[in-house]
Amino acid sequence: MGHIEFTPTREQLAYTFGGAAPLKTVRPGDVLKLWSEDAFNHALTSVDDISSEKVDLRFVNPQTGPFYVQDAEPGDTLAIHIVDLTPARNWGASATIPFFGGLTSTDRTVFLQESLPDTTWIYHLDTERQTVGFQARFGDFEVALPLEPMLGTIGVAPPGAEVRSSLVPERFGGNMDSPEVKAGTTVYLGVNVEGALFSLGDGHYRQGEGEACGTAVEGAMTSTIIVELIKGGAPAWPRLETDSHWMVVGSSRPMEDSWRIGQVELIRWFEDLFGLHPMDGYQLLTQTALAPVANAVDANYSVVVKAAKSLFPAAQAFDGMHAELRNRAAQL
């Protein structure tokens with residue numbers, strides 16, 4: 001098991017999935033400690049900075065990577081276990097960007113009213129209390145919120161030589177913005193190209209489900225992960241596993257299609273786990289599944305469909321890969 005630490009230069013940051021040359025080759029079983037830049041590319045550092053002047057939308061969601069995984073071939077499954085996520089700065093930023101967000105006019109949902117005010121909020125971290133501080137911009141109010149680090153973006157290169165913006169969530173993963181992509185989670189991604197070419201970035205210090213305004217508490221992140229390779233068995237859409245849940249992330253528009261993708265893929269996972277007929281899986285999922293909205297804003301919307309392990313007989317996904325990676329993580 002190799003240990004690799006990597007901090008990219010600004011010139012090495014990627015802004016797409018696919019179309020970027022790998023920065024390093026890693027082997028299955030390697031432990032990686034990676035630094036990644038915030039979603040705004042360090043453009044918003046003060047409440048006086050506004051996105052329309054400072055943020056270049058060509059260079060948002062910068063990715064650390066891609067990394068070439070030795071022996072990974074199309075049809076394989078890449079398992080990425082998140083061991084630890086640690087904020088790399090003592091502050092994070094959020095913003096309302098003109099004509100971007102879930103509760104404003106956008107380029108696709110068009111109304112006559114002006115955009116909402118272009119506004120920036122800075123959240124300061126209290127590392128001892130493990131909180132991030134919200135301070136109102138239009139009144140006298142503040143509150144300390146629990147620090148809950150997650151990765152907004154993680155994925156592999158798409159198939160067919162496609163190049164997709166790091167703003168997009170899709171089958172390859174990408175900008176899913178799910179709070180479930182946190183320490184203790186194993187992310188399963190289908191490999192589409194030789195070497196998988198995975199990358200990650202877009203650290204969130206915390207985020208509500210749906211990411212309503214389109215930006216979380218965005219901050220640079222240090223991510224410790226374990227990379228593993230499962231030959232064959234590639235899932236059609238990203239699967240997540242924690243100690244307590246099996247989950248699938250569907251990403252599409254309209255949002256109900258994201259929900260449908262997640263539902264169908266979880267039924268297929270029930271087939272793998274329990275040998276269930278699809279109709280029995282459909283009925284069982286109907287009575288047990290949860291479906292939190294991960295992202296209601298971006299080019300595609302993401303919905304997580306999840307099943308609590310406690311409701312089902314004991315079963316091992318991918319031959320117990322999650323439990324094995326949890327054990328390795330505990331030994332680091």
query = What are the two closest non-hydrogen atoms of Trp259 and Ala291, and how far apart are they?
reply = CD1-CB, 3.8 Å
message = I'd like to know if Leu32 and Met150 are part of one continuous hydrophobic network [Ile/Leu/Val/Met/Phe/Trp/Tyr, side-chain heavy atoms within less than 4.5 Å].
response = no
request  = Spell out, yes or no, whether Val264 and Val304 are grouped together once hydrophobic residues are joined by side-chain heavy atoms under 4.5 Å, including indirect joins.
outcome  = no
key: Thr16 side chain to Gly19 backbone, donor-acceptor under 3.5 Å   = no
request  = Indicate whether the side chain of Ser252 and that of Asp257 have a donor and an acceptor atom separated by less than 3.5 Å.
outcome  = no
query = Who passes ring pair (Phe, Tyr, Trp, His ring centres under 6.0 Å) against Tyr68, sequence neighbours left out?
reply = none
request  = Look up atom NE2 in His277 and atom CD1 in Ile267, then write down how far apart they are to the nearest 0.5 Å.
outcome  = 11.5 Å
query = How far apart are the closest heavy atoms of Trp246 and Ala317, and which atoms are they?
reply = NE1-CB, 4.2 Å
ask   = To which residues is Trp91 joined in a hydrophobic cluster, defined by side-chain heavy-atom contacts under 4.5 Å among Ile, Leu, Val, Met, Phe, Trp and Tyr, whether direct or through other members?
value = Val47, Ile122
request  = Would you check if the side chain of Asn300 reaches a backbone N or O of Pro169 as a donor-acceptor pair within less than 3.5 Å?
outcome  = yes
query = Just wondering, do Ile225 and Val83 contact through their side chains at under 4.5 Å, heavy atoms?
reply = no
key: 4.5 Å side-chain heavy-atom contact, Pro179 and Glu148   = no
task = Verify whether one side chain among Ser52 and Asp118 offers a donor that lies under 3.5 Å from an acceptor in the other.
result = yes
Test of ring centre spacing under 6.0 Å for Phe318 and Tyr188 = yes
key: Main-chain N/O of Thr45 paired with Asp49 side-chain donor or acceptor, under 3.5 Å   = yes
query = Hey, is CG on Asp319 packed in by over 12 heavy atoms from elsewhere, all under 6.0 Å?
reply = no
task = For the pair Glu265 and Arg268, find out whether any cationic side-chain nitrogen is under 4.0 Å from an anionic carboxylate oxygen.
result = yes
Residue from Arg326, Arg328, Arg27 passing salt bridge (charged side-chain N to carboxylate O under 4.0 Å, His left out) with Glu228 = Arg328
ask   = Once the angle between the rings of Phe312 and Phe274 is folded into 0 to 90°, is it parallel (under 30°), tilted (30 to 60°) or perpendicular (over 60°)?
value = parallel
ask   = Do you know the tightest heavy-atom contact between Ala234 and Asp76?
value = CB-O, 3.3 Å
message = Between Gln130 and Thr127 (side chain of the first, backbone of the second, donor and acceptor by atom type, cut-off under 3.5 Å), is there such a pair?
response = yes
query = Checking Gln70 side chain against Thr25 main chain: does a donor-acceptor pair fall under 3.5 Å?
reply = no
ask   = Cation over ring, Arg239 on Trp269, under 6.0 Å and within 45°?
value = yes
ask   = Is there a side-chain contact between His204 and Glu211 (heavy atoms, below 4.5 Å)?
value = yes
inquiry  = Grouping I, L, V, M, F, W and Y whenever their side-chain heavy atoms are under 4.5 Å apart, do Val248 and Ile82 come out in a common cluster?
reply    = no
Qualifying residues under side-chain hydrogen bond (donor to acceptor under 3.5 Å, both in side chains), relative to Glu180, sequence neighbours excluded = Lys306
key: Distance, nearest 0.5 Å, that separates CG of Leu145 from OG1 of Thr131   = 8.0 Å
remark   = For residues 213-222, the salt bridge (charged side-chain N to carboxylate O under 4.0 Å, His left out) pairs (sequence neighbours left out) are none
message = Who clusters with Phe40? Use side-chain heavy atoms, under 4.5 angstrom, across I, L, V, M, F, W and Y, and order the result by chain and number.
response = Leu44, Val55, Leu57, Val60, Ile97, Phe100, Leu167, Val297
query = If you measure from CD1 on Ile154 to CG on Leu78, what distance do you get to the nearest 0.5 Å?
reply = 8.5 Å
task = Evaluate the side-chain proximity of Trp121 to Gln135: yes if any heavy-atom separation is below 4.5 Å, no if none is.
result = no
remark   = Here the pair of heavy atoms bringing Lys309 nearest to Asp243 is CD-O, 3.4 Å
Any residue meeting side-chain hydrogen bond (donor to acceptor under 3.5 Å, both in side chains) with Asp71, in chain and number order, not counting sequence neighbours = none
Residue pairs, two or more places apart or on separate chains, that pass side chain to side chain donor-acceptor pair (under 3.5 Å) and touch residues 288-298 = Asn175-Asp298, Asn295-Asp298
message = If the condition is salt bridge (charged side-chain N to carboxylate O under 4.0 Å, His left out), which residues does Arg253 pass it with, not counting sequence neighbours?
response = none
inquiry  = Would you say that Pro87 contacts Leu147 through its side chain, given a criterion of any heavy-atom pair below 4.5 Å between the two side chains?
reply    = yes
query = Do any N or O atoms from the side chain of Ser166 and from the backbone of Asn61 form a donor-acceptor pair under 3.5 angstrom?
reply = yes
ask   = What is the distance from atom CZ of Phe67 to atom CG of Asp30, rounded to the nearest 0.5 Å?
value = 11.0 Å
remark   = Shortest non-hydrogen pair, Ala220 vs Tyr205, comes out as O-OH, 2.6 Å
Members sharing Tyr15's hydrophobic cluster (side chains within less than 4.5 Å) = Leu13, Phe59
task = Examine distances only and state if a side-chain atom of Asp84 and a backbone atom of Thr224 form a donor-acceptor pair shorter than 3.5 Å.
result = no
task = Would you mind reporting whether Val193 and Pro159 have side-chain heavy atoms less than 4.5 Å apart?
result = no
4.5 Å side-chain heavy-atom contact, Trp35 and Glu37 = yes
key: ILVMFWY network linking Val305 to Tyr301, side-chain heavy atoms under 4.5 angstrom   = yes
note = Applying side-chain hydrogen bond (donor to acceptor under 3.5 Å, both in side chains) to Glu73 and not counting sequence neighbours gives Lys231
ask   = Apart from Leu112 itself, what residues make up its hydrophobic cluster when side-chain heavy atoms of I, L, V, M, F, W and Y under 4.5 Å apart count as a link, directly or indirectly?
value = none
task = Check whether any side-chain heavy atom of Asp38 lies under 4.5 Å from a side-chain heavy atom of Asp202, and answer yes or no.
result = no
ask   = Do Ile4 and Phe198 belong together in a cluster built from hydrophobic side chains that touch within less than 4.5 Å?
value = yes
query = Considering residues at least two apart in sequence or located in another chain, which fulfil the side-chain hydrogen bond (donor to acceptor under 3.5 Å, both in side chains) criterion with Ser244?
reply = Thr242
ask   = In Å and rounded to the nearest 0.5 Å, what is the CG to CG distance from Leu285 to Leu266?
value = 5.0 Å
Ser302 and Ser258: side chain donor to acceptor below 3.5 Å = no
inquiry  = For a quick check under 3.5 Å, do Asp126 and His124 share a side-chain donor-acceptor pair by atom type?
reply    = no
ask   = Would you say the side-chain atoms of Ser94 pair up with the backbone N or O of Val217, donor to acceptor, closer than 3.5 Å?
value = no
note = Residues Ala183 and Leu85: closest non-hydrogen pair is N-CD1, 4.1 Å
query = Taking atom types as modelled and ignoring hydrogens, do the side chains of Arg10 and Asn41 form a donor-acceptor contact shorter than 3.5 angstrom?
reply = yes
query = Ignoring hydrogens and geometry, is there a side-chain-to-backbone donor-acceptor pair from Tyr282 to Gln263 under 3.5 Å?
reply = no
request  = Would you confirm whether Thr77, through its side chain, and Gly232, through its main-chain N or O, come within 3.5 Å as a donor-acceptor pair?
outcome  = yes
key: Gap between atom CG of Leu151 and atom CE of Met221 - 0.5 Å precision   = 6.0 Å
task = State whether the number of non-hydrogen atoms from other residues, nucleotides or ligands found under 6.0 Å of Glu271 atom CD is greater than 12.
result = yes
